[in-house]
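Below is one structure, written out as C-alpha cells; comments come after it.
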Amino acid sequence: MKKIEVATTGAPGAIGPYSQAIKCGNILFCSGQIPLNPADGSIPEGIKAQTAQSISNIKAILKEAGVTIDNVVKTTVFLADMSLFGEMNEVYGQEFTAPYPARSAVAVRELPKQVLVEIEVIATLD
C-alpha cells in the first residue's frame, strides 16, 4: 500500500523525523498537534485556548489532505493533568459533531514545550 506524506504551512512543521500526516490507502494518520501557532510560534494561555489551537492545526492538515474534521474517526487527547479534562471537553465538543469520533483521553507526565494538551487524529479520506 502506498504511503503519501501530507504537509502544510497551516500547522507547525515537523521538528524531527516524522510527518505531519501520512495517507495510507483511504486513511489519514495525523501526528499529535500541540497548540503552537504556525504563524508566529506562540502558545496561547489556558487549556481552552490551547485545545482550540491544537484543533485549528489539525483542521489545516485535514484541509491539505482534502477532507474536514467530519472525516475524523478516532482521536487521542493527551493532557498534562486530568483536571483539565472538563474545559478541554467543552472546546472539543464545539468542534466535533455527531456521530462523534471514537476517543481516548489520557494524562501524561509531560508534553513538548510544557503545553497542556496534544491531540492526534485518524481520518478517512472518503
Side-chain angles (χ1 to χ4, degrees):
M1 199 169 282
K2 190 141 187 137
K3 296 179 183 175
I4 302 167
E5 181 177 22
V6 175
T8 177
T9 57
I15 53 171
Y18 66 92
S19 301
Q20 284 178 330
I22 291 287
K23 290 182 184 180
C24 187
N26 70 337
I27 300 174
L28 182 72
F29 297 88
C30 295
S31 293
Q33 292 299 303
I34 63 171
L36 189 66
N37 182 318
D40 62 13
S42 66
I43 297 171
E45 294 286 325
I47 186 63
K48 287 184 176 183
Q50 288 194 16
T51 301
Q53 182 64 60
S54 292
I55 292 172
S56 176
N57 294 344
I58 289 164
K59 285 179 173 179
I61 295 168
L62 294 169
K63 181 178 179 182
E64 184 68 21
V67 296
T68 71
I69 200 162
D70 292 332
N71 291 79
V72 173
V73 295
K74 170 71 169 87
T75 67
T76 304
V77 179
F78 303 95
L79 295 165
D81 188 309
M82 197 52 81
S83 69
L84 303 169
F85 181 85
E87 290 182 279
M88 174 281 298
N89 203 45
E90 275 184 55
V91 176
Y92 182 99
Q94 294 167 4
E95 296 291 343
F96 290 94
T97 58
Y100 299 103
R103 179 178 75 185
S104 300
V106 296
V108 295
R109 183 170 180 215
E110 189 174 0
L111 290 165
K113 298 188 178 283
Q114 281 61 57
V115 298
L116 302 174
V117 65
E118 179 174 354
I119 304 171
E120 67 180 26
V121 303
I122 301 171
T124 60
L125 295 170
D126 37 301

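These numbers come from the heavy atoms of this one structure, side chains and all, not from hydrogens, waters or symmetry mates.
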Minimum heavy-atom separation for [X] and [Y], please, with both atom names.
X	Y	value
A60	A11	CB-N, 4.2 Å
K74	S104	NZ-OG, 3.0 Å
G32	E118	CA-OE2, 3.3 Å
T9	P38	O-CB, 3.7 Å
P35	S54	N-OG, 3.2 Å
L28	A21	CD1-CB, 3.7 Å

Going by an N to O cut-off under 4.0 Å, is there a salt bridge joining K59 and E95? yes
Any heavy-atom pair between the side chains of [Y] and [X] that's under 4.5 Å?
X	Y	result
V72	I122	no
N37	I43	no
P101	Y92	yes
I27	T124	no
P12	Q33	yes
E120	F78	yes
Q20	S31	no
M82	L79	yes

To the nearest 0.5 Å, how far apart are [atom1] in [X] and [atom2] in [Y]?
X	Y	atom1	atom2	value
I22	C24	CD1	SG	8.5 Å
L116	K48	CG	NZ	13.5 Å
N89	I47	CG	CD1	11.0 Å
Q53	I58	CD	CD1	10.5 Å

Out of the candidates N71, L125, T68, I69, only one should pair with L62 under the side chain to side chain contact (heavy atoms under 4.5 Å, CB included) rule; please name it. I69
Just to verify, which of N57, T76, V77 counts as forming a side chain to side chain contact (heavy atoms under 4.5 Å, CB included) with I119?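 Checked N57, T76, V77 against I119; only one passes side chain to side chain contact (heavy atoms under 4.5 Å, CB included): V77.
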Just checking, R103 and F96: is the charged tip under 6.0 Å from the six-membered ring centre and within 45° of the axis?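 No; the conditions do not both hold, so R103 does not lie above the ring face of F96.
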Given side chain to side chain contact (heavy atoms under 4.5 Å, CB included), test K63 with T8 step by step and report yes or no. CA-CA 9 Å; K63 181 178 179 182; T8 177; over 6 Å; no
Could you see if [X] belongs to whatever hydrophobic cluster contains [Y]? Use Ile, Leu, Val, Met, Phe, Trp, Tyr and a side-chain cutoff under 4.5 Å.
X	Y	answer
V106	V115	yes
V121	M88	yes
V73	V6	no

Using distance alone, with no hydrogens and no angle criterion, decide if Q94 and E90 have a side-chain donor and acceptor under 3.5 Å apart.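 The answer is no; no qualifying pair exists.
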